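On a predicted model such as this, the values are computed, not experimentally measured, just so you know. Residue numbering restarts at 1 for every chain, and letters A, B, ... go by the order of the sequence lines.
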2 protein chains.
Amino acid sequence: MPSAGAVARRRVHDGDSATRTALLDAAEALLLEEGYAAVTSRRLAAKAGTNSALLYYYFANMDDLFVALFRRGSERSFARLEQALDSPQPLWAMWGLIHDYSSTALTMEFMALSNHRKAIRAEIGAASKRFRQLQLKALTRVLEGYGVDPLEWPPVSIIILMSGVSRFMLIEEEFGVRAGHPETVALVERHIEALEGPRC
Amino acid sequence: MPSAGAVARRRVHDGDSATRTALLDAAEALLLEEGYAAVTSRRLAAKAGTNSALLYYYFANMDDLFVALFRRGSERSFARLEQALDSPQPLWAMWGLIHDYSSTALTMEFMALSNHRKAIRAEIGAASKRFRQLQLKALTRVLEGYGVDPLEWPPVSIIILMSGVSRFMLIEEEFGVRAGHPETVALVERHIEALEGPRC
DNA sequence: GTCTATAGCTGGATAGAC
DNA sequence: GTCTATCCAGCTATAGAC
């Protein structure tokens, strides 16, 4: 574990290279398959077909690697969100994005990881805010178009409700709890359908 | 890290003793203050004013200690829930219990911990199911009394909505995201008030 | 019941050859 | 850029004295 005040002394090679990408890919795969505790310098280097010393050539330390991996993931998510909000059925598209395990699993793993990697905490906060702002800007316009009263149903609350209920069910499923999930998904989707018509 | 198939060979002393309780208290405090990564046998023993060898006198291994701590916490939560559901305003009482950081923080820490301690996963799943059943049994009766249509608003979905939105906001707050939270809390509380009158 | 001492392992990070 | 070899720290768990 790096000491709290650790500073990267080595020079880091930010550019793209096949090895660097392989290391990030291996880290992402390990993170999803076995959880962040499995992502150690040795195991991840082995999975990428190299050794841990090379990892430290590309990244100053493990924190650095995790931050790079998180940013790569956020950029992808952000692009997917922009595309979803641009669809003719933005509520359905957003719900599809939110209530999908594979797009949420990485985020949740990073949240768990952030418990003992403070560098990651700040990254998650910043990305969440940016994500929320984009969702909010689009949804405010969309809901206004559907004639939804923003005092009774603030757009930001719609986002939080959809995200919260979805995330909660995904987490529960990881622990084998499924009671009430189908009914709740149906409830959410009834309300989306009332505003936006059946999903196309 | 214990090997996957590790079996507890030592005899374990389950009964209450001041030292055992001190160890559990220290573990709980460390878990909340610094996250589960800080809960190592050495640090926790030091915090309890003893040494790690004694920890292994009371618990077969670290997994065992975490399971014992989780069970102690669940029993307390369960008792609080029973009391809440027995109040004259069960919706308000349940919401108060759900949307309270201190009662949720430990659960979230255990969920993060369960990523690399499988023994904990099973415990969380079992406790969640038990918790849900109690909530559901009480809420079904209460909502029926308020004349809420169970086809449009299934009681189990009300529970999931309340839990999900609350948990989501508590997590976001840990990452410094607060946008839309007051509006959303107000929204939930308006709906509770419509059914149960102002909170007493 | 409680302690000291320590075995055995794993991980982060670096040195230095090629 | 990539490797082998290695240092050092911290952790789980045990042995054995008192």
Side-chain angles (χ1 to χ4, degrees), chain A residues 1-24 26-27 30-31 34-69 113 116-120, chain B residues 1-24 26-27 30-31 34-69 113 116-120:
Chain A
M1 220 159 289
S3 64
V7 172
R9 279 172 301 277
R10 243 167 300 102
R11 218 174 283 145
V12 173
H13 303 76
D14 274 336
D16 281 355
S17 86
T19 306
R20 203 185 121 99
T21 304
L23 286 167
L24 290 176
L30 260 182
L31 209 49
E34 303 192 42
Y36 71 88
V39 188
T40 65
S41 55
R42 290 200 230 270
R43 289 201 57 185
L44 122 72
K47 194 172 180 103
T50 178
N51 58 77
S52 69
L54 194 52
L55 188 156
Y56 290 101
Y57 173 77
Y58 284 103
F59 303 94
N61 49 45
M62 288 298 288
D63 261 33
D64 235 57
L65 177 139
F66 280 118
V67 167
L69 182 60
L113 176 68
H116 59 279
R117 296 213 180 250
K118 294 192 178 172
I120 287 290
Chain B
M1 217 159 290
S3 64
V7 173
R9 278 173 301 277
R10 243 168 300 100
R11 219 175 282 147
V12 171
H13 303 76
D14 275 335
D16 283 354
S17 86
T19 306
R20 204 185 121 98
T21 303
L23 285 167
L24 289 176
L30 260 182
L31 208 51
E34 304 191 42
Y36 71 88
V39 188
T40 64
S41 54
R42 288 202 233 268
R43 291 200 55 186
L44 123 71
K47 192 168 180 106
T50 179
N51 59 76
S52 69
L54 194 52
L55 187 157
Y56 290 99
Y57 173 77
Y58 284 103
F59 304 94
N61 49 43
M62 288 297 289
D63 261 33
D64 234 57
L65 177 139
F66 280 118
V67 168
L69 183 59
L113 176 68
H116 58 280
R117 295 212 180 250
K118 295 192 177 170
I120 287 291

To the side chain of Thr40(B), which of dT12(D), dG11(C), dG1(C) is closest?
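Nearest nucleotide to the side chain: dT12(D).
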
Compare the minimum distances between each of dG11(C), dT2(D), dA13(C) and the side chain of Asn61(A), then state the nucleotide with the smallest one.
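Of dG11(C), dT2(D), dA13(C), dA13(C) is nearest to the side chain of Asn61(A).
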
Supply the atom-to-atom distance Lys47(A) NZ to Leu23(A) CG, rounded to the nearest 0.5 angstrom.
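Answer for the NZ-CG pair, Lys47(A) versus Leu23(A), is 13.0 Å.
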
Thr19(B) side, atom OG1; Leu24(B) side, atom CG - distance, nearest 0.5 Å
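If we round to the nearest 0.5 Å, Thr19(B):OG1 and Leu24(B):CG are 11.0 Å apart.
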
[X] has an atom [atom1]; how far is it from atom [atom2] of [N], in whole Å?
X: His116(A); N: dG10(D); atom1: NE2; atom2: C1'; result: 13 Å
X: Leu23(A); N: dA13(C); atom1: CG; atom2: P; result: 14 Å
X: Arg43(A); N: dG12(C); atom1: CZ; atom2: C1'; result: 16 Å

Any side-chain N or O of [X] less than 4.0 Å from the OP1 or OP2 oxygen of [N]?
X: Ser41(B); N: dT12(D); answer: yes
X: Asn51(A); N: dC3(D); answer: yes
X: Tyr56(B); N: dT2(C); answer: no
X: Ser17(B); N: dG1(C); answer: no
X: Tyr57(A); N: dC3(D); answer: no
X: Thr50(B); N: dT2(C); answer: no

Tell me which of Val39(B) and Gly49(A) sits closer to the 5' end of DNA chain D, going by the nucleotide each one is nearest to.
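Final value for this comparison: Gly49(A).
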
